[in-house]
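Some notes on the structure that comes next.
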Amino acid sequence: MYNSKPKNKMLNNRAPALVPPPPLKFTLHQWHLNNHHRYRCSEAQQELADRLLNESQRVCELSSETVRNNKEETDHKLKEKIEDIEFHKEELLHIRKDVLLEVDALSMYKERIMDALSSVRKNALVICEKCLIFREHRLGIDLVHDDIEKELLKECEVIKNVENLLVRTLEQTQEQIRRLKATLYYMDHELGDKENNLCIDKHNLSLKETSLNLSIYHGTSRLDPSTIELNEWEIQTNNNIISASKEVNSARPLRCYIDTIIKQAIDDLNEQKNATDDAFRSRIAETKEAKIKLELQHSEVMRQAAEMKQNITRIEKSIVEKESFLALAHTRLGNRCQRPGLELTRDLVETNLVKEVHDLHDVVSKLQGTMFEAQASLRYLLKTQIQIEEDINVKTNTLKIDEVDCMTLRQSMDYHVY
């Protein structure tokens, strides 16, 4: 069983509880006044609410119309902007096509110039210089500064002048191509920007207030960071178009100039080539004529040398015969010197023998003199024959150089409008 004494002791130690006072009593008049006040406040709030409802409806309708008008105006401006961009884009694409055509055309003309330059530098000039080197191997008197050498030197000079002209024309063409490509680069850059702008504005035009992924910007940076004015935008496009048109208009006359330059260069080269070939043909004909004359002279000298050899043999034989008669006369005189006594007389026989010996001495002396002259003539004829043979060899060598080496090599010189 529990002890109840401690519990009673605890209850006696608690503080006494506070009892609230009774509520105020209102009069009936206050009750009517309070109800009347509540009615009036309620009616005022209702009237205010009606006004707010009407004003809200008007504001909503007005704001909806404003928003709708703003959106329609913005859509209209977007469409106009898209049309402007597409118009400028079409203008840029049109002039870009002209620029591309000029770049391709000038590239072809550049190849023509390079082909012509290569032909002149690596073919024609090399051939002319080889011909000059070949002709340095002419021999003797044929190593002359003739018309061929003059024309070859002139042809080398013409080729070098044409080469310099083609090099300058090539540099002008390359510079024009570079300027066209620079213009093309700026146009492509602007076209890329306009294409991106078109994508953005077309996307913006397609957006509706009910579209997904719409968001409200809460950042601190400006949503309209554009600093370029509309007239600057149009001026930039117009400047690119004007610049491209100017480069196209500069490229077209350049192509005509290149045609003229190449044709004039080829005409000059062909004219000089023909002059050099004519000099070769004339000199070759002259050398052949001289060679034929020398060959005729060689035949005649050989014939005369053969006759002179026969003549010397005949004179020698005649001298031998005369010496036999001289020996006979000497023997007879010697035998008659053996006559005895008075028989050793100077008779007609001795006188005739003495005369015969003198005559034979004169005849042999004349024959020997004639033989010496014939031998000297033979020596001169043989020397002349050798000289003529040397000259014929010189002419043969010259003809080989001019007609075979040079003319054959020059056949590969082909100038045409590249």
Side-chain angles (χ1 to χ4, degrees), residues 38-104 179-251:
R38 294 297 182 187
Y39 293 151
R40 290 184 63 185
C41 288
S42 176
E43 290 175 354
Q45 292 298 323
Q46 290 177 3
E47 291 176 358
L48 179 61
D50 288 336
R51 287 197 303 272
L52 287 174
L53 287 173
N54 293 330
E55 182 67 19
S56 297
Q57 184 177 358
R58 187 186 67 81
V59 171
C60 287
E61 291 176 355
L62 182 62
S63 62
S64 297
E65 184 179 359
T66 302
V67 170
R68 184 172 58 255
N69 291 336
N70 287 337
K71 183 179 181 300
E72 290 177 356
E73 182 68 18
T74 301
D75 290 345
H76 178 69
K77 295 297 183 183
L78 276 173
K79 290 178 181 178
E80 288 183 345
K81 181 64 175 179
I82 289 172
E83 290 176 357
D84 288 342
I85 295 173
E86 288 179 342
F87 173 77
H88 286 92
K89 181 182 174 184
E90 289 299 323
E91 291 292 319
L92 285 171
L93 287 174
H94 177 72
I95 193 65
R96 182 181 184 276
K97 181 180 178 181
D98 292 340
V99 172
L100 281 176
L101 290 175
E102 286 303 320
V103 169
D104 293 339
R179 292 169 63 180
L180 284 170
K181 287 185 176 180
T183 303
L184 194 63
Y185 169 78
Y186 290 118
M187 292 174 64
D188 288 341
H189 182 72
E190 184 174 355
L191 282 170
D193 291 343
K194 281 181 168 42
E195 186 64 33
N196 291 332
N197 196 359
L198 275 176
C199 292
I200 292 171
D201 284 347
K202 285 181 178 180
H203 176 67
N204 284 335
L205 185 61
S206 66
L207 287 176
K208 307 294 181 183
E209 66 274 8
T210 58
S211 299
L212 298 176
N213 297 327
L214 299 180
S215 62
I216 297 177
Y217 179 67
H218 296 287
T220 59
S221 300
R222 293 180 57 183
L223 274 173
D224 55 343
S226 302
T227 58
I228 299 175
E229 298 295 333
L230 181 60
N231 60 341
E232 295 180 8
W233 177 76
E234 293 178 348
I235 289 172
Q236 177 63 31
T237 301
N238 292 332
N239 286 339
N240 280 336
I241 293 174
I242 292 171
S243 177
S245 300
K246 186 186 297 184
E247 296 303 332
V248 170
N249 293 331
S250 299

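Note that the numbering runs from 1 along the sequence shown for the chain.
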Calculate, to the nearest 0.5 Å, the distance between atoms CG and CZ belonging to Leu101 and Arg96 respectively. 10.5 Å
Is a side-chain donor or acceptor of Ser243 paired with a backbone partner of Asn239 at a separation under 3.5 angstrom? no
Out of curiosity, Cys199 SG to Asn204 CG, how far, rounded to the nearest 0.5 Å? 11.0 Å
For Lys202, the salt bridge (Lys or Arg N to Asp or Glu O under 4.0 Å) test, sequence neighbours excluded, returns Glu86
Exceeds 12 heavy-atom contacts within 6.0 angstrom, atom NZ of Lys181: no
After noting the C-alpha distance and the side-chain angles of Asn197 and Asp193, does the key distance pass the side chain to side chain contact (heavy atoms under 4.5 Å, CB included) rule? CA-CA 6 Å; Asn197 196 359; Asp193 291 343; over 6 Å; no
In chain order, what residues pass the side chain to side chain contact (heavy atoms under 4.5 Å, CB included) check against Leu205, with sequence neighbours excluded? Asp75, Leu78, Lys79, Ile82
Compare every heavy atom of Leu180 with every heavy atom of Val99, then report the nearest pair and how far apart it is. CG1-O, 3.7 Å
Calculate, to the nearest 0.5 Å, the distance between atoms CD1 and CD belonging to Ile95 and Glu247 respectively. 10.5 Å
Mind jotting down which residue pairs meet the ring-ring contact (aromatic ring centres under 6.0 Å, His included) criterion with at least one end in residues 61-104? Sequence neighbours excluded, please. His88-Trp233
Using salt bridge (Lys or Arg N to Asp or Glu O under 4.0 Å) as the criterion, list what pairs up with Glu73, not counting sequence neighbours. Lys77
Side chain to side chain contact (heavy atoms under 4.5 Å, CB included) with Arg38: which residues, sequence neighbours excluded? Asn34
Residues at least two apart in sequence or cross-chain that pass side chain to side chain contact (heavy atoms under 4.5 Å, CB included) with Asn196, listed by chain then number, are none
Side chain to side chain donor-acceptor pair (under 3.5 Å) involving Arg58 - partner list, sequence neighbours excluded: Glu55
For Thr66, side chain to side chain contact (heavy atoms under 4.5 Å, CB included) partners two or more places apart: Leu62, Asn70
Separation between SG of Cys60 and CD of Glu65, rounded to the nearest 0.5 Å: 13.0 Å
By side chain to side chain donor-acceptor pair (under 3.5 Å) - contacts of Asn240 (at least two apart): Glu190
Just so I know, are the side chains of Ile200 and His203 near enough to count as touching, which here means a heavy-atom distance under 4.5 Å? no
Could you grab the distance from atom CD of Gln46 to atom CG of Leu53, nearest 0.5 Å is fine? 11.0 Å
Those residues that, when tested against Glu195, pass side chain to side chain donor-acceptor pair (under 3.5 Å) (two or more places apart): Lys89
Worked check of side chain to side chain contact (heavy atoms under 4.5 Å, CB included) between Thr183 and Lys246: CA-CA 10 Å; Thr183 303; Lys246 186 186 297 184; over 6 Å; no
Non-neighbouring partners of Arg68 that pass side chain to side chain donor-acceptor pair (under 3.5 Å), sequence neighbours left out: none
Got a second to check how far Glu102's CD is from Asp98's CG, nearest 0.5 Å? 7.5 Å
Residue list, salt bridge (Lys or Arg N to Asp or Glu O under 4.0 Å) with Asp104, at least two apart or on another chain: none
State, yes or no, whether a side-chain contact exists between Glu91 and Thr237 at a heavy-atom distance under 4.5 Å. no
